[in-house]
Amino acid sequence: MAEVTIPPFEATALDAIPQIASTARGSFRTHKTKKLAWRKVQLRKLYWALHDYEPQLLAALKEDLRKSAFEALLSEIDWLKKDCMFMLDHLDKFAKDEKLRAPHVPAMYSIMNFRIRKEPVGTVLIIGPYNYPVQLLLAPLVGAIGAGCTAVLKPSELTPRCAMVIKDMIESRLDSSAFAVVNGAIPETNALMNEKWDKIFFTGSAAVGTIIARKAAETLTPVVLELGGKNPAFITKSCPNLALAARRLMWGKTMNAGQICMSQNYVLIEKELVETFIVYLKQAYKDMFPQGAKQSPDLARIVNQRHFQRLKKMLDNTRGRIVMGGEVDEAELYIEPTAVLVNSVDDPMMAEESFGPIFSIYPVNSLDEALNVANLVHRTPLSLMAFGSKKENERILNEMTSGGATLNDAYFHGAVNTVPFGGVGDSGWGSYRGKASFDCFTHFRTVAETPGWADSLLAVRYMPFDMGKLKLLSRLTEKKPNFDRDGKVVKGLGYWVGLVFGLGGRGVKGDEN
Ligand SMILES: NC(=O)C1=CN([C@@H]2O[C@H](COP(=O)(O)OP(=O)(O)OC[C@H]3O[C@@H](n4cnc5c(N)ncnc54)[C@H](O)[C@@H]3O)[C@@H](O)[C@H]2O)C=CC1
Ligand SMILES: CC1=C(/C=C/C(C)=C/C=C/C(C)=C/C=C/C=C(C)/C=C/C=C(C)/C=C/C=C(\C)C(=O)O)C(C)(C)CCC1
């Protein structure tokens with residue numbers, strides 16, 4: 001890897017923050033960001049910045065998280081470059097006005113030229129977490145640029161080298177009147193939160209998300225929250241390939257040393273499978289780390305002492321049995337990929353979000369029990385994984401919600417940059433990625449335009465009101481219900497005609513739909 005020097009972490013001066021926010025707001029008011037050409041230039045610049053800063057970003061990710069170059073490219077740098085390309089390829093289409101026609105516009109209003117105009121929401125604040133310090137901060141930025149917003153970014157202070165590289169990269173390569181990076185921790189974030197934003201995009205813990213949402217509510221500022229969750233994986237007796245399930249779940253918990261909000265916190269598995277599953281897990285461990293996980297250059301480290309201690313405490317306090325891994329090394333911030341067999345939902349391994357390379361295995365007697373346990377542990381997790389028959393997987397999707405879900409694999413629904421990603425309930429508000437990133441920072445403004453020549457046609461609305469005219473208009477335009485007071489669809493003439501002439505009956509009384 002090329003030799004690079006990253007300056008030491010420096011927090012942005014608190015008294016500079018109001019001016020930074022004001023510059024971004026002022027830049028938005030120039031309306032230059034509304035031009036698609038300007039947005040495309042910024043996206044192209046971001047693409048090349050990511051390309052040119054690759055050595056610095058790789059070095060920073062290595063120093064901050066000991067993230068391997070493979071992972072850094074796959075899930076952060078190249079991933080974002082793909083994001084820029086996707087937005088560039090589709091921006092014209094995303095940004096185009098949408099004509100609203102029937103059935104969205106009733107026939108009687110069809111002369112009013114309804115359309116949806118896509119407008120940037122304005123100046124946005126993007127606050128990032130530490131685990132994917134580049135991707136999770138800049139992927140929302142791609143959406144913000146595409147939508148025509150100006151933005152201030154606040155990287156996580158827990159990954160200080162990444163924060164410094166990102167600041168240099170964004171401020172030197174993009175339009176610095178429109179995009180800025182504020183570095184720091186709580187005081188700096190508080191100073192940012194004292195500014196007025198048109199939207200706040202926050203990725204991080206539920207605890208801090210609550211603080212952000214509460215503060216944003218004071219000024220009725222919309223927020224997107226991308227939070228964590230206690231994510232279940234289900235394995236039933238019909239699992240098509242238990243060895244593969246073990247291998248894929250191991251992958252899910254070892255990428256980024258399990259510091260992935262959508263990886264499984266616990267595995268609910270039918271009792272008969274437990275012992276074999278553990279054998280397969282150990283086999284997958286051996287295959288992935290032939291010299292042991294500690295020696296592997298591929299396994300990242302825990303970000304800092306605090307998170308290391310948090311994970312260690314979960315292992316120390318569990319009443320379960322460690323069935324794989326268990327080694328920890330504070331000096332290296334190393335936690336071995338670890339599975340713990342537990343038998344209580346109150347066990348710390350079940351009750352807390354792991355956000356590390358450790359997870360629990362909870363044996364169940366049936367899928368019914370598994371669904372009860374999962375709904376009890378966390379009813380609205382960020383993700384869910386299911387390894388059962390097709391029918392069982394559908395049942396799991398039906399009876400347990402989550403932000404996103406993957407069948408027969410670990411969190412793959414969240415590994416692709418072009419499909420919407422987000423939580424549900426207390427695991428997150430709103431979604432982004434692909435077109436959803438554009439939509440996230442866009443105000444969908446409905447515009448109507450009434451032609452002057454149509455006034456006599458529309459004159460019924462004017463005072464003095466005439467009930468007779470209103471009734472006539474209703475008779476001409478109102479759709480009659482095809483259902484009765486019990487909510488049942490009623491047999492109409494169309495049904496009998498269809499039945500008699502063999503065209504197939506529709507609207508049979510008693511139909512539920
Ligand atoms: N849904 C998603 O896409 C993701 C969610 N997460 C969640 O994030 C958490 C881990 O990330 P962390 O960086 O530790 O999150 P965090 O919530 O501690 O920090 C996130 C950001 O908030 C700022 N912050 C921290 N404390 C603050 C306070 N009291 N007031 C104002 N700002 C504050 C930090 O400087 C950082 O930029 C996990 O819970 C994980 O599940 C992480 C990655 C993705
Ligand atoms: C099938 C065809 C082809 C071959 C395709 C192949 C070989 C595809 C292989 C794809 C794999 C294994 C991709 C793995 C990707 C993993 C990624 C991108 C992980 C991303 C992780 C992320 C984004 C993490 C986010 C974390 C978050 C949000 C968090 O903390 O919550 C050919 C050969 C291409 C031909 C066509 C057919």
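Each residue takes its place number in the sequence, starting with 1. In each ligand, atom 1 is the first atom listed, and ligand 1 is the first ligand listed.
Distance check for atom 21 (C) of ligand 2: a protein heavy atom is found below 4.0 Å. Within a 4.0 Å radius of atom 35 (C) of ligand 2, the protein contributes no non-hydrogen atoms. Under the 4.0 angstrom criterion, atom 41 (O) of ligand 1 counts as having a protein heavy-atom contact. For atom 10 (C) of ligand 2, no protein heavy-atom neighbour is present inside the 4.0 Å cut-off.
Considering both main-chain and side-chain atoms, K154 comes within under 3.5 Å of ligand 1 through a nitrogen or oxygen pair. Remark: ligand 1 and T203 share no N or O pair separated by less than 3.5 Å (distance only, no angle test). Where the criterion is an N or O separation shorter than 3.5 Å, residue side chain and backbone included, L158 fails it with respect to ligand 1. The shortest N or O to N or O distance between N131 and ligand 1 is not below 3.5 Å.
Geometric assessment of K253 against the ring of F359 yields a negative cation-pi assignment under the 6.0 Å and 45° thresholds.
Within the 4.0 Å heavy-atom criterion, the part of L136 lying near ligand 2 is the side chain and not the backbone. When heavy-atom distances to ligand 2 are checked against a 4.0 Å cut-off, F412 comes that close only through its side chain, counted from C-beta outward. Counting heavy atoms under 4.0 Å from ligand 2, residue N417 does not touch it at all.
Interface atoms of ligand 2 facing G414, defined by a heavy-atom separation under 4.0 Å, are 23 (C).
Within the structure, the closest approach of G128 to ligand 1 falls below 4.0 Å when heavy atoms are considered.
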